[in-house]
Structure formats: structure tokens, C-alpha cells
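Before any comments, here is the structure.
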Amino acid sequence: MSQAKFLSKIVSTHCRRSRTKFTEDQMKILINAFEQNPYPGYATKQKLALEINTEESRIQVWFQNRRARHQLQKRPDLGKTLESSQRHDHLEEQTQSREPRRCRTSYTCSQLHTLIEAFMTNPYPGFHFREQLAKEIGVPESRVQTWFQNRRNKLHAWRKRELRESLEQDQGQDMIQGIQGTQNGTNFTSNSYFSGARIWTKRQIQCI
DNA sequence: TTCCTAACATAATCAAAAC
DNA sequence: GTTTTGATTATGTTAGGAA
């Protein structure tokens, strides 16, 4: 793919989901649920989504934003003045009382293949592209979003490790030169972000 | 048991819409 | 222009399941 075509694809696909506008009634239900439990499990979020006629992923984002903006405001001690051990205890307590998560999605080889191909083209897909992809592989759009998030994390972690290892090997030699080694015919340079996206796990290699 | 990775957390930031 | 708040990001943690 040419650079221009590639960039135009990024621009065309990099658009956000349109803002959700909750009604007063919806807000009442959400706030009430938040006051009962600011960390709802999947079943509760799903139930709320049905009740106010929206997607579960919108409920998740709403709770995230609400926790960030209201709970810390109400209890600044949580974020600032608690000793780290106390904070740890608090988080542990929360984790123990937390409702169950969504069941783990298990992707098939062909679904993974589609996702990886898409990631290599554009690791930051916009809402429409994610939706299109979700339709193609038959999962909710929110799962595609989570998959891309995790994949980017993996890429960043992998690149950090590569950099560290190459620095160790080269012992202070030119850093850029150090990470321009090739592996299985793929170049991984410090500025070739997208070619670096080709991270295949042992399992995926077996799969594809 | 270990490893991989989906799910989910916070914190920071972007950006649309209301004022 | 400012404020509010939904959407998205990076980064880190938790936990399910395959090897």
C-alpha cells in the first residue's frame, strides 16, 4: 500500500463514535445504580443497558468517567493521602467484592487473522472501521476495541523489550542501528511502527 | 505451573455540545 | 470562551484457559 493511500485510510477510518446523549430519566437510573455500586459486573451493566436502551459498552464508559470525576472528588483520600499499603488494602477489598466479569471471548483462528491483518494496516481504527470489522468477524464492536487496546499494549511492551535487549547486546552502540535488525524477513526499526505490528505468538503461528 | 491474552482498572486527554 | 461530560488513549492489573 502506498504511503498516501495508507494515510488516507487512517484519516477515513479514524473517527470517533458520536456522543451519546443520556436523557434525564436515563441519568437518574445510572446515578442510582452508581450509588449502589460504582463497580458493576457484566450482568448488572447488561441489565442497565437493557433498562435504558443503550449498549453495555456505553454503560461501561459512563461508569469509568463517573468514577474518575465523582468518586475521587468525594473521597480525595483514595487517590492522594492514603498510604500505599492502605490503598492496596482498599483495592483488594474492592476486588474481592466485585461482581463477575464478562465471559472471556475466545477468538477463532480466522477471526484473529482478520484482526491482525487490520491491525497491521491501522492500529488506531475509528468507530466505523471497528464496527465494520466487528460485523465481519461476528463480535460486538466493544470487543474489537478491547482487542486493539490490548494489541497496542503488546506492541509497546514488545518494542520496549526489543530496545532494552538490543541496548544490552550492543553495549552503547548506535541505538537506532541496534534495533534495525531483521527477524524472519520483517524490519523492525524505531520509526516503522506499523511493520513492528507484526507480532506473531507461537500459538498464532501454529494457527495461521 | 506457566504463559498468553481478554477484561477491566485508573489517569490523562480529546472534543462535542450546552451555556 | 468556559464548562461539562462522552470517547479514547496509555499503562498496569486481574483472571480464564490452553499447553
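A note on names: the letters A, B, ... follow the listed sequences, proteins ahead of strands, and every chain is numbered from 1.
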Report summary line: Of the listed B:dC4, B:dC14, C:dA10, the closest approach to the A:Arg152 side chain comes from C:dA10
Query raised in the report: With a 4.0 Å cut-off on heavy atoms, is A:Ser18 in touch with a base, just the backbone sugar-phosphate, or nothing at all?
Result: sugar-phosphate
Requested in this report: Sequence neighbours left out, what passes salt bridge (Lys or Arg N to Asp or Glu O under 4.0 Å) with A:Arg102? Give chain and number order.
Outcome: A:Glu56
Query raised in the report: Below 4.0 angstrom from OP1 or OP2 of C:dT5, is there any side-chain N or O of A:Arg69?
Result: no
Query raised in the report: Got a sec, which residues hit salt bridge (Lys or Arg N to Asp or Glu O under 4.0 Å) with A:Glu55, two or more places apart in sequence or on another chain?
Result: A:Arg17
Report task. Give a yes/no on whether any side-chain N or O of A:Arg17 is located under 4.0 angstrom from OP1 or OP2 of C:dT8. Result -> yes
Query raised in the report: OP1 or OP2 of C:dG16 less than 4.0 angstrom from a side-chain nitrogen or oxygen of A:Arg101, does that happen here?
Result: no
Query - Strand contacts (DNA chain B) in residues 46-64 of chain A, 4.0 angstrom heavy-atom criterion - result: A:Gln60, A:Gln64
Query raised in the report: Does one side chain, of A:Glu99 or A:Asn37, offer a donor that lies under 3.5 Å from an acceptor on the other?
Result: yes
Query raised in the report: Counting N and O atoms only, with roles assigned by atom type, does the side chain of A:Gln111 sit under 3.5 Å from a partner on the main chain of A:Thr108, one being a donor and the other an acceptor?
Result: yes
Query raised in the report: Expressed in angstrom and rounded to an integer, what is the separation of A:His156 atom NE2 from B:dT5 atom C1'?
Result: 17 Å
Requested in this report: Measure from the side-chain heavy atoms of A:Tyr42 and tell me the nearest of B:dT5, C:dG6, B:dC8.
Outcome: B:dC8
Requested in this report: Would you indicate what A:Gln145 reaches in the nucleic acid, counting non-hydrogen atoms under 4.0 angstrom: base, sugar-phosphate, or nothing?
Outcome: sugar-phosphate
Query raised in the report: Listed by chain and number, what are the side-chain contact (heavy atoms from CB on, under 4.5 Å) partners of A:Asp25, not counting sequence neighbours?
Result: A:Thr23, A:Lys28
Requested in this report: Specify the separation, in whole Å, of atom CG of A:Leu155 and atom P of B:dC4.
Outcome: 16 Å
Query raised in the report: In Å, rounded to the nearest 0.5 Å, how long is the span from CZ of A:Phe129 to SG of A:Cys15?
Result: 11.5 Å
Report summary line: Hits for side-chain contact (heavy atoms from CB on, under 4.5 Å) against A:Ile29, two or more places apart or cross-chain, chain-then-number order -> A:Leu48, A:Glu51, A:Ile52
Query - Length of the OH-C1' vector between A:Tyr39 and C:dT13, whole Å - result: 13 Å
Requested in this report: Tell me what A:Arg104 touches on the nucleic acid: a base, only sugar-phosphate, or nothing, going by heavy atoms under 4.0 Å.
Outcome: base
Query raised in the report: What's the spacing between A:Asn53 CG and A:Gln26 CD if we round to 0.5 Å?
Result: 7.5 Å
**Report entry** Spacing of A:Lys45 atom NZ relative to B:dA7 atom C1', expressed in whole Å
**Finding:** 9 Å
Report summary line: Looking only at B:dT10, C:dG6, B:dA7, the nucleotide nearest the A:Arg16 side chain is C:dG6
Report summary line: Here the distance between atom P of C:dT3 and atom NE2 of A:His70, to the nearest Å, is 16 Å
Report task. Please determine if a side-chain N or O atom of A:Arg130 lies less than 4.0 Å away from the OP1 or OP2 oxygen of C:dT8. Result -> yes
Query raised in the report: Please give, in whole Å, the distance from B:dT5 C1' to A:Ile116 CD1?
Result: 12 Å
Query raised in the report: Between atom OH in A:Tyr107 and atom C1' in C:dG17, what is the gap in whole Å?
Result: 15 Å
**Report entry** Interface residues of residues 19-30 of chain A with DNA chain C (non-hydrogen, below 4.0 angstrom)
**Finding:** A:Arg19, A:Thr20, A:Phe22
**Report entry** Gap separating the CD atom of A:Gln132 from the NZ atom of A:Lys135, nearest 0.5 angstrom
**Finding:** 9.0 Å
Report task. Would you name the heavy atoms of A:Pro125 and A:Arg130 that are closest together and state the gap between them? Result -> O-NH1, 3.1 Å
Query raised in the report: Which whole-number value in Å describes the distance from A:Tyr124 OH to B:dC14 C1'?
Result: 14 Å
